[in-house]
Undergrad: 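Shown below is the structure under consideration.
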Amino acid sequence: MTTPFRCLHLYPCNDNMKKSKRTKIKVLFAQSVELEEVTVEGWVRTRRDSKGGFSFLELNDGSCLKNIQVIVDHTLDGFRDIQEEITTGSCVSVQGKWATSPGKGQSMELQARQVKIYGSADPEKYPLQKKRHSFEYLREIAHLRPRTNTMGAVMRVRNRLAYSIHRFFNERGFVYLNTPIITTSDCEGAGEMFQVTTLDLDKVPKTDGQVDYSQDFFGGKTGLTVSGQLEGEVFAMALSEIYTFGPTFRAENSNTSRHLAEFWMVEPEMAFYDLDDNMDLAEEFIKFLLSDILEHCSEDMEFFNQRIDKTIHATLKQILDNEFERIHYSDAIHLLQKSKEKFVYATEWGCNLQAEHERYLSEKVFKKPIIVFNYPEAIKPFYMKLNEDGETVRAMDVLLPKLGEIIGGSQREENYEVLLKRIEQKDLNSEDYWWYMDLRRFGSAPHSGFGLGFERLVQFVTGMENIRDVIPFPRTPKHATF
RNA sequence: UCCGGAGUGGCGCAAUGGUAGCGCAAUCGGCUGUUAACCGAUGGGUUACAAGUUCGAAUCUUGUCUCCGGAGCCA
């Protein structure tokens, strides 16, 4: 590194505090007065040459959506030597004057005094042309797609959402908890696990025809986490309110625009919360995130509203202005049975709500987010708290129009005997859950929690149709390149 | 995994049994305080892969792979 202090900041850090001479484009755009001496560094989006003896460069450094316009006079010292190399995709450093622009389309522009090229990009080979590309194509060049307008905007929004998730919970006294990535606990009902092993797959040790996991690294069968919930409960039973925000893995062969094999999940877990408290928190949480995004990512959100989904702004506003509809599972079933809508799947008490049912309820009946709660115990995992009726559990799903399920949660069963019975009913081995059961033996407390799929949130907020376009490097069946 | 659709120059698409075209991008030239710049010219494809039917296949058949949409599983 030739510039060792470039990235060092004193706290508090913000865009304007910098040790290097470089100014970020976002900061420059906030400046409406002329500046005699600035340096901007970034990637060239397009170059237009004028026979008047100068070139226009559109420069982007990812700090914001907009490009900066740079004017380079062809008589500039040394410019003729590098002019050919300054093409779409190349990376340059420009030093000059931030000045009012005589042209139309921008009020300010950078009038170059010196242009340095860091790296050129052969226009015959550079895969990102200055034209529109399909998202499918961009996925094939995932290492270059961050340089597109859409991906840049997605990543800035994603970053802000992550930041405000931490802010939301920390402001409410929740403790950020890192639950294990490698685990033996299969959070029942959550999905298939990726196995983790150091055994030689060409000669797996076996006893009586069964794999001998005692010889494996951890002395037992292990996998990548499908949920941090069970471990989260452990710490909620000591710190009262915790949340996890980490990677989650599901080895399901899911090929949809809403599923990833590796995704990020937010899982709060709260002692002394009942299901109502849980639903209150979920609603407040989503509204907090949406309102924060509208306030702090307005330029990117304007882009999504214009180019990706023209209704996204109105949708988010409408969600903020209305209460989520809370409806018993049983009432939802009644509503569906009464409706004249033709469904592919029949609705019967005891069945899971199909995507078409969820969509009908949130998009046509209520036209806003809904929370369906008190599901039949038979279709929900063992850890959910059994209601007095003995037939339903205190589960809740938050369903968003278009997207579907974004949050799944429940009040947890805190009664040892009831929990044990449910584990046995579901043919699970209670010994596997001994430490989880211990939470009910020693100082048990009512508690609740939920899980929110982070990428689904980003998808919903940006209006992006495919979940693979809201994560830097998507992992789906047959895809782990990059 | 199931159902449906698709795979053709760098990208987006056309050609449904008979010499593979267009737009954008690229290259060259012209024009211009330009800005999705504009105008003209040029180059670029054994039609995903394998086998088959046919005088002849991008087009029909079978298989494989991949992508997209929907469903299931879920977040």
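All of these numbers come straight from a predicted model, not from anything done at the bench.
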Undergrad: Once you apply a heavy-atom cut-off of 4.0 Å, does A/Arg258 come out as touching a base, just sugar-phosphate, or nothing?
TA: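 Base: the residue A/Arg258, judged by heavy atoms under 4.0 Å, touches a nucleobase.
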
Undergrad: A/Arg258: which residues meet the salt bridge (charged side-chain N to carboxylate O under 4.0 Å, His left out) condition with it, sequence neighbours left out?
TA: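 In terms of salt bridge (charged side-chain N to carboxylate O under 4.0 Å, His left out), with neighbours along the sequence ignored, A/Arg258 is linked to no residue.
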
Undergrad: Choosing from B/rA71, B/rU32, B/rA75, which nucleotide comes nearest the side chain of A/Arg359?
TA: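 Looking only at side-chain atoms, A/Arg359 lies closest to B/rA71.
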
Undergrad: Among B/rC73, B/rA71, B/rU27, which nucleotide has an atom closest to any side-chain atom of A/Pro123?
TA: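 It is B/rU27.
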
Undergrad: Using a 4.0 Å heavy-atom cut-off, does A/Gly105 contact any base of the nucleic acid, only the sugar-phosphate backbone, or nothing at all?
TA: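 Base contact.
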
Undergrad: Taking the six-membered ring of A/Phe288, is the NZ or CZ of A/Arg172 close enough (under 6.0 Å from the centre) and on axis enough (within 45°)?
TA: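 Because its charged atom sits under 6.0 Å from the ring centre and within 45° of the axis, A/Arg172 does stack over A/Phe288.
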
Undergrad: Is the shortest side-chain N to carboxylate O distance from A/Glu34 to A/Lys97 below 4.0 Å?
TA: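 Answer for the salt bridge query: yes.
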
Undergrad: If you look at every strand shown and take non-hydrogen atoms under 4.0 Å, does A/Glu140 touch a base, only sugar-phosphate, or nothing?
TA: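 Result for A/Glu140 = nothing.
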
Undergrad: Each nucleotide in nucleotides 1-10 of chain B should get exactly one letter: B, S or -. Can you fill that in based on protein heavy atoms under 4.0 Å?
TA: B--------B

Undergrad: B/rG12 and B/rU62: how far apart are their P atoms, nearest whole angstrom?
TA: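 Looking at atom P only, B/rG12 and B/rU62 are 27 Å apart.
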
Undergrad: Measure from CG on A/Leu57 to C1' on B/rU34 and round the result to the nearest Å.
TA: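 The distance from CG of A/Leu57 to C1' of B/rU34 comes to 11 Å, rounded to the nearest Å.
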
Undergrad: Using a heavy-atom cut-off of under 4.0 Å over every strand shown, decide if A/Glu262 touches base, sugar-phosphate, or nothing.
TA: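 Here A/Glu262 touches no strand at all.
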
Undergrad: At less than 4.0 Å, is any side-chain N or O atom of A/Arg456 found next to OP1 or OP2 of B/rC74? Yes or no.
TA: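 For B/rC74, OP1/OP2 do not have a side-chain N/O of A/Arg456 under 4.0 Å.
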
Undergrad: Which residue, A/Ser134 or A/Ser50, contacts RNA chain B at a nucleotide closer to its 5' end, judged by nearest heavy atom?
TA: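 Closest to the 5' end, via its nearest nucleotide, is A/Ser134.
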
Undergrad: Looking for any heavy atom pair under 4.0 Å, which part of the strands does A/Thr88 touch: base, sugar-phosphate only, or nothing?
TA: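 Result for A/Thr88 = nothing.
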
Undergrad: Counting any heavy atom closer than 4.0 Å, what does A/Arg468 reach on the DNA or RNA strands: base, sugar-phosphate only, or nothing?
TA: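 A/Arg468: backbone/sugar contact only, no base atoms under 4.0 Å.
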
Undergrad: Look at the side chain of A/Arg48 and decide which nucleotide, out of B/rG72, B/rU34, B/rA75, has an atom nearest to it.
TA: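 Of the candidates, B/rU34 comes closest.
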
Undergrad: Tell me whether A/Phe54 and B/rG33 count as stacked here, given that the ring centres must be under 5.5 Å apart and the planes must differ by less than 30 degrees.
TA: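 So no, this residue does not stack on that base, at least one cut-off failing.
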
Undergrad: How far, in whole Å, is B/rU66 from B/rU16 if one measures between their P atoms?
TA: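 Going atom to atom, P in each nucleotide, I get 30 Å.
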
Undergrad: Could you check whether A/Tyr383 and A/Tyr433 have their ring centres less than 6.0 Å apart?
TA: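 Ring-ring flag for A/Tyr433/A/Tyr383: false, centres at least 6.0 Å apart.
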
Undergrad: Within 45° of the six-membered ring axis of A/Tyr375 and under 6.0 Å from that ring's centre, is NZ or CZ of A/Lys380 located there?
TA: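 Yes, a cation-pi geometry.
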
